[in-house]
Amino acid sequence: MRKRKFKQLIKDAPYAAADSQAEMWAANSYVPRKSSRNGATIFSVAIFMAACVAVLGASVAFVGEITLGGVILMVLVALLVVSSVHTALSWEKVVVLRLGNFNRVVGPGLYFTIPIIEHGTIRVDQRTIATPFYAEKTLTADLVPVTVDAVLFWVVWDAKKACTEVEDYYAAVSFLAQTALREAVGRSTVAEVALRRDQLDEEIKADIEKEAADWGLDIIAVKVRDIVIPDELQEVMSLEAQADREKNARMTVAAAEVDLADMLKEAAALYGSEDAAMKLRAMLMQYETVRKSRGTVVTMPTAMSDGFVDPDGKTSTPSA
């Protein structure tokens, strides 16, 4: 019973010890379904079987029976044929070395090599590759830790350089993209990272292209998918954005008031009285109030209101 519990703890330990970085990578990474090479494998098996049948048939024809030497010769010839005849898929290029030195790039389709002397070192996939990468808790120029998730689209345009200039071009471009992302984030403030994604994409792409060009890689595009800002800073940035919008709204209203005052002044000049501008403004304010509240405004003649004012300018109270 104790052994079972111990084995179960060992089995569950990796899942219990997974940190936030591993969980985020598992959530954001996408592993595509690889293309099948069953056709090329079946072709090699068919070539091997055909060579075996041909050699065995020749051995029986000359000797009259199946011998141990004939079987050994059959296996050797079949292996030599299989190591000489190959196929590359439509999107593949194969780098062939002769005695350890680069000789040629072949494919796609059927190609031949000299057994033992020549061999294909690597099959280069020349389709567009999408590589997800991210930078967790990277400090911006204003010392704010942010997590940025992005995708790199790239393609191998020179199979020779990808094979001879770098050990593992896929891993190299992944690490290079992550480093370029951290450097680009470190040069920008948190506001620039959040609001200027297009500019961040171009900076990361330019940094990657400087190194990847020597490896025979072509960087198609870099797309930032998500930017995670600390929760405590999100509230502050929201308040700052609200204050900016309110400031802009007030400035717009003030500018509208200036334009309206100029127009009312021109209208008052047509009426021949400067007080007409204030009266027109008062009427417009009444109209706006009625339109918003859907109420009713009762206009009182000025002669009636003058009855509540004494000749010396003091307001009189009507007697009961």
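Note that the structure is a prediction, hence the values are computed from the model and not measured. Below, all heavy atoms of this structure are taken into account, side chains as well, without hydrogens, waters or symmetry copies. Start at 1 with the first residue, then count along the sequence.
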Hey, could you give me the CE/CG distance between Met74 and Leu79, rounded to the nearest 0.5 Å?
-> 9.5 Å

Could you tell me whether a side-chain N or O of Thr128 sits under 3.5 Å from a main-chain N or O of Trp154, the two making a donor and an acceptor?
-> no

How long is the span from the CD1 atom in Ile204 to the CD atom in Gln199, to the nearest 0.5 Å?
-> 11.0 Å

Which atom of Gly70 lies closest to which atom of Val55, heavy atoms considered | O-CG1, 4.5 Å

Checking His86 side chain against Ser83 main chain: does a donor-acceptor pair fall under 3.5 Å?
-> yes

Are Ile208 and Val151 in one and the same hydrophobic cluster, where Ile, Leu, Val, Met, Phe, Trp and Tyr link if side-chain heavy atoms are under 4.5 Å apart?
-> no

Audit row: Val224, Arg196, side-chain contact (heavy atoms from CB on, under 4.5 Å) steps and yes/no = CA-CA 10 Å; Val224 175; Arg196 301 178 181 177; over 6 Å; no

Check Val155 against Arg127 and note the closest heavy-atom contact, atom names and distance.
-> CG2-O, 3.6 Å

Quick one: does Glu203's side chain get under 4.5 Å of Ser188's, heavy atoms only?
-> yes

Is Val156 reachable from Phe102 through a run of hydrophobic residues whose side-chain heavy atoms are each under 4.5 Å from the next?
-> yes

Check whether any side-chain heavy atom of Asp226 lies under 4.5 Å from a side-chain heavy atom of Tyr134, and answer yes or no.
-> no

Do Val85 and Phe43 come within less than 4.5 Å of each other through their side chains, counting heavy atoms only?
-> yes

Cluster check Val77, Met49: I/L/V/M/F/W/Y, side chain < 4.5 angstrom | yes

Do Asp214 side-chain atoms and Glu165 backbone N/O form a donor-acceptor pair below 3.5 Å?
-> no

Residue pair Ala135 / Arg182: nearest heavy atoms and the distance that separates them = CB-CG, 3.6 Å

Heavy atoms of other groups near Phe175 CZ, more than 12 under 6.0 Å = no

How about Val148 and Thr138: do any of their side-chain heavy atoms sit closer than 4.5 Å?
-> no

Nearest-0.5 Å distance, CD of residue Glu209 to CD1 of residue Ile219 | 6.5 Å

Could you give me the CA-CA distance, side-chain angles and deciding distance for Thr140 and Val185, then say whether side-chain contact (heavy atoms from CB on, under 4.5 Å) is met?
-> CA-CA 5 Å; Thr140 60; Val185 171; 3.8 Å; yes

Is there a path of hydrophobic side-chain contacts, each under 4.5 Å between heavy atoms of I, L, V, M, F, W or Y residues, that connects Tyr169 with Leu176?
-> yes

Heavy-atom side-chain proximity of Ser59 to Leu73 below 4.5 angstrom = no

Nearest-0.5 Å distance, CG of residue Leu181 to CG of residue Asp207 = 10.0 Å

Check: Lys223 side chain, Asp201 main-chain N or O, donor-acceptor pair, under 3.5 Å | no

Euclidean distance, Leu200 CG relative to Leu195 CG, rounded to 0.5 Å = 11.5 Å

Between Trp215 and Ala172 the two heavy atoms that sit nearest each other are CZ3-CB, 3.7 Å

Supply the atom-to-atom distance Thr131 OG1 to Phe153 CZ, rounded to the nearest 0.5 angstrom.
-> 9.0 Å

Please examine the side chains of Phe133 and Val173, heavy atoms only from C-beta on, and report whether any two atoms are closer than 4.5 Å.
-> no

Pairs under 3.5 angstrom only: tabulate donor-acceptor contacts from the side chains of residues 89-99 to other protein residues two or more places apart or in another chain.
{"residue": "Glu92", "atom": "OE1", "partner": "Arg37", "partner atom": "NH1", "Å": "2.8"}
{"residue": "Glu92", "atom": "OE1", "partner": "Leu89", "partner atom": "N", "Å": "3.0"}
{"residue": "Glu92", "atom": "OE1", "partner": "Arg123", "partner atom": "NH1", "Å": "3.3"}
{"residue": "Glu92", "atom": "OE2", "partner": "Arg37", "partner atom": "NH1", "Å": "2.7"}
{"residue": "Lys93", "atom": "NZ", "partner": "Gly107", "partner atom": "O", "Å": "3.0"}
{"residue": "Arg98", "atom": "NE", "partner": "Glu118", "partner atom": "OE2", "Å": "2.6"}
{"residue": "Arg98", "atom": "NH2", "partner": "Glu118", "partner atom": "OE2", "Å": "2.3"}

Are Leu217 and Ile122 grouped together when hydrophobic residues (ILVMFWY) are joined by side-chain heavy atoms under 4.5 angstrom apart?
-> yes

Student check: side-chain heavy atoms of Thr147 and Lys137 closer than 4.5 Å = yes

Val222 and Leu152, any side-chain heavy atoms less than 4.5 Å apart | yes

Ala221 and Lys205 have their tightest heavy-atom pair at CA-CD, 4.5 Å

